[in-house]
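Residue numbering restarts at 1 for every chain, and letters A, B, ... go by the order of the sequence lines. Values below: all heavy atoms of this structure, side chains included; hydrogens, waters and symmetry mates excluded.
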Amino acid sequence: MDADHAPARAVVVDPEGDSFLVREGERSLRVDAAGLAAVVLARRDDPRWVWDTPRVYPVLLAAGVRVGRAWDLRLARAVLRRAAGTPEAAAWPRDEWDDPALAADDGALGIDVAPTPPAAEEHRRQLSLLEGAERPGALRLLITAESAGALAAAEMRVTGLPWSASEHLRVLDGLLGPRPTAGARPARLEALVEEVRAALTAPALNPDSPVELSRALRLAGIAVASTRADDLRRVEHPVVAPLLAYKKLARLHAANGWHWLDAWVRDGRFHPDYVVSGVVTGRWATRGGGALQLPRQIRSAVVADPGWCLVVADAAQLEPRVLAGLAHDRAMATAGHGRDLYDGMVASGAVADRASAKVGMLGALYGATSGDGGRLVPRLAQRFPRALALVEQAARDGERGGTVHTLLGRGSPPPGAAHRAAIAAGGGVEADDALQRRARAAARDRGRFTRNFVVQGTAAEWALCWLADLRQRLWLLGDGELAERPQLVYFLHDEVIVHAPVALAAEVEAAVRAAARTAGRLLFGDFPIDFPLDVAVVERYSDAG
DNA sequence: CCCAAAGGCCAC
DNA sequence: AAACGTGGCCTTTGGG
């Protein structure tokens with residue numbers, strides 16, 4: 001990442017109507033979109049572009065122009081608001097840098113809204129705030145990594161994920177039958193509905209309605225806690241098989257059927273709309289298209305172009321490894337050294353088998369108190385006391401109403417009003433058993449959230465550093481136009497897909513692995529925790545892993 | 001008519 | 001009775 005380099009010159013870009021105000025120090029220039037592209041192309045010193053990435057960068061990408069690094073003012077604002085040691089930022093009145101939907105006249109609605117400072121002024125304010133923070137270096141790394149993520153997200157949206165519509169259609173036809181007329185059920189679904197209706201003697205039943213389905217099951221003498229697949233699977237009755245088949249296929253039809261293909265795939269590419277840091281922990285979200293929930297059923301439609309391949313890489317057991325690094329738990333780091341972490345935990349004698357290691361570990365990360373996960377947590381705590389103590393401490397902090405921070409300094413939100421009210425009511429002199437129970441439940445909910453926040457959030461930081469470093473390495477691997485170079489086409493929490501010419505596959509794989517080592521060093525320095533990747537070079541996504 | 005909540009299932 | 005985290009997004013349902 002660019003953390004190793006000398007500080008870059010900062011160039012601020014502020015959109016104003018159809019034009020852009022470009023400022024560097026005291027100098028400023030007003031340009032149109034073509035002018036902006038020319039300004040960027042003319043720079044040979046790889047400056048840091050200070051802007052609201054989703055508003056400005058697509059204009060450049062449309063002109064075929066890429067930039068190396070950025071400072072995203074909106075992402076930086078969000079980080080600074082909740083960082084440790086930046087109380088001024090927490091107190092700033094909200095403005096359009098927090099939420100583009102906020103307009104100054106919202107003040108009339110009783111919301112404290114300030115006039116929105118221009119980009120250059122906002123940037124100065126952020127930098128000066130950073131100076132006074134507890135750990136300015138870590139926050140700067142977080143903001144530059146997030147900003148690089150914003151660049152990558154914009155690029156991935158334009159590039160798109162290679163998508164074979166014909167393969168997708170083949171899957172749909174095979175599982176659902178021919179495409180029905182608009183609004184009608186596909187043939188296969190219709191047949192399953194008839195089977196379900198017959199098995200329940202409910203000729204008009206709509207299985208998409210949980211209310212109707214629940215009633216029909218009850219009338220047929222089937223007792224289930226809910227109509228969820230998990231609960232249905234436990235029942236022995238002729239309706240179960242066709243009903244489960246229906247649910248699976250109805251979901252495919254509704255979420256990733258012909259309609260989705262029409263809406264989201266153009267010219268052989270799926271164009272997801274990522275929302276960088278859209279999740280409170282710093283993970284990405286998406287807006288429409290469901291790019292982060294691509295079901296395995298249709299991953300065969302992700303196909304490389306002729307002469308190109310997909311390099312699919314995911315970080316193995318990312319969150320437990322991040323926890324080992326956070327807690328400086330050498331026993332856990334050793335368990336994961338050069339091998340599957342869960343296998344290593346078995347070898348250490350902590351648990352009997354890999355499945356137990358995994359369930360117990362996830363139980364510890366999520367705060368399980370019952371079931372297999374909950375039962376195994378104490379065993380792990382015996383062998384890996386430091387790691388388990390860290391998540392326990394995060395849970396206690398949350399239960400007490402406090403906030404917690406990730407390794408690079410992202411803060412959790414404070415408890416919400418409903419939570420505070422429940423706690424207050426439970427502590428009142430007149431609190432009865434029910435109120436006290438509700439208060440304890442609210443505190444435990446909060447504890448599970450903060451427990452998971454530190455690990456999920458730090459894992460998101462590792463993934464961002466990985467992505468940012470990989471993006472730079474890929475650029476240096478190729479030459480020529482953007483579209484001719486190996487490029488990132490997909491990012492999913494702890495997994496990336498690079499679309500690359502077959503001839504570059506080995507170099508891309510090396511770059512992906514090198515970037516993972518860089519990310520580990522940036523976050524954990526010399527602490528000996530490694531982050532092995534599962535890498536597959538494939539033609540189709542479904543052939544990976 | 002729109003909209004939000006509830007129930008459910010997909011991903012990590 | 002609840003019970004393990006973060007989400008998106010689909011359909012149904014019921015309220016305004």
Side-chain angles (χ1 to χ4, degrees), chain A residues 183 185 205-215 224-233 243-244 246-257 259-260 263-264 272-275 277-299 314-320 322-323 358-377 391 394-395 398 404 406 410 412-413 433-434 437-438 440-442 444-460 463 490-496 541 545:
Chain A
R185 274 200 186 96
L205 172 69
N206 173 12
D208 293 328
S209 164
V211 174
E212 283 188 38
L213 183 56
S214 187
R215 180 181 142 81
V224 281
S226 77
T227 61
R228 286 200 310 265
D230 275 351
D231 285 334
L232 291 169
R233 253 185 282 275
L243 185 50
L244 290 175
Y246 174 82
K247 281 172 168 283
K248 188 82 182 159
L249 294 177
R251 159 87 191 185
L252 173 67
H253 177 232
N256 295 99
H259 179 70
W260 181 91
W264 290 96
D273 191 2
Y274 292 107
V275 184
S277 200
V279 177
V280 64
T281 55
R283 275 187 176 183
W284 292 13
T286 53
R287 212 166 4 223
L292 303 182
Q293 306 134 259
L294 276 187
R296 293 182 179 279
Q297 282 166 311
I298 57 164
R299 291 187 177 184
D314 74 281
Q317 307 97 37
L318 177 58
E319 291 193 355
V322 159
L323 173 57
K358 182 171 180 175
V359 167
M361 199 61 237
L362 293 177
L365 295 178
Y366 295 161
T369 56
S370 63
D372 292 339
R375 264 198 304 283
L376 288 160
V377 170
V391 284
V404 293
T406 60
R410 183 190 307 283
S412 66
D433 278 1
R437 238 188 344 263
R438 209 166 316 158
R440 280 196 298 274
R444 278 196 303 270
D445 287 349
R446 175 88 197 151
R448 284 194 302 277
F449 166 66
T450 51
R451 167 196 295 269
N452 190 247
F453 182 94
V454 292
V455 179
Q456 188 181 115
T458 304
Y490 192 56
F491 176 58
L492 180 61
H493 306 314
D494 60 359
E495 177 171 348
V496 297
Y541 190 15

Quick one: label [X] by what it contacts on the DNA or RNA (base, sugar-phosphate, nothing), any heavy atom closer than 4.0 Å.
X	result
A/G374	nothing
A/G363	nothing
A/G373	nothing
A/A229	sugar-phosphate
A/R444	nothing
A/R251	base
A/N256	nothing

Rounded to the nearest angstrom, tell me the gap between atom [atom1] in [X] and atom [atom2] in [N].
X	N	atom1	atom2	result
A/Y366	B/dA11	OH	C1'	11 Å
A/D314	B/dA11	CG	P	14 Å
A/R228	C/dA3	CZ	C1'	11 Å
A/L318	C/dT6	CG	C1'	14 Å
A/L244	B/dC10	CG	P	10 Å
A/L492	C/dT6	CG	P	18 Å
A/L249	B/dC9	CG	C1'	13 Å
A/R451	C/dC4	CZ	P	10 Å

OP1 or OP2 of [N] under 4.0 Å from side-chain N/O of [X]:
X	N	answer
A/S209	C/dT13	yes
A/N452	C/dC4	no
A/K248	B/dC9	no
A/T281	C/dG7	no
A/R296	B/dC12	yes

Testing the basics here: between A/G289 and A/W260, what is the closest heavy-atom pair and its distance to 0.1 Å?
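Closest heavy-atom pair between A/G289 and A/W260: O-NE1, 2.9 Å.
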
Closest heavy-atom pair and its distance - A/V454, A/A394
CG2-CB, 3.9 Å

Nearest-0.5 Å distance that lies between atom CG in A/N256 and atom CD1 in A/I298:
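Nearest 0.5 Å value for the CG-CD1 distance: 4.0 Å.
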
Within the side chain of [X], is there an N or O that forms a donor-acceptor pair under 3.5 Å with the backbone of [Y]?
X	Y	result
A/S412	A/V404	yes
A/T458	A/V455	no
A/R410	A/V280	no

Is any N or O donor-acceptor pair between the side chain of A/R283 and the base of B/dC12 shorter than 3.5 Å?
yes

Among the nucleotides [options], which one has an atom lying closest to any side-chain atom of [X]?
X	options	result
A/Q293	B/dA11, B/dG8, C/dT11	B/dA11
A/D445	C/dA3, B/dG8, C/dT13	C/dA3
A/V279	C/dT6, C/dC4, C/dC10	C/dT6
A/Q456	C/dA3, C/dG5, B/dC12	C/dG5
A/V280	C/dG7, B/dG7, C/dT11	C/dG7

Give me each pair satisfying salt bridge (charged side-chain N to carboxylate O under 4.0 Å, His left out) with a member in residues 359-376 of chain A, each pair once, sequence neighbours excluded.
A/D372-A/R375

Looking only at atom C1', what distance separates C/dA1 and B/dC9, rounded to whole Å?
24 Å

If the P atom of C/dC4 is compared with that of B/dC12, how far apart are they to the nearest Å?
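It comes out at 22 Å once rounded to the nearest Å.
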
Angle class for the A/Y274/A/W284 ring planes (parallel below 30°, perpendicular above 60°, tilted otherwise)?
perpendicular

Check whether more than 12 heavy atoms from other residues, nucleotides or ligands sit under 6.0 Å from atom NZ of A/K358, and answer yes or no.
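No, because the 6.0 Å sphere around NZ of A/K358 holds 12 heavy atoms or fewer from other groups.
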
Relative orientation of the end axes in the helix from B/dC1-C/dG16 to B/dC12-C/dG5, expressed as an angle to the nearest 10° (five pairs per end):
10°

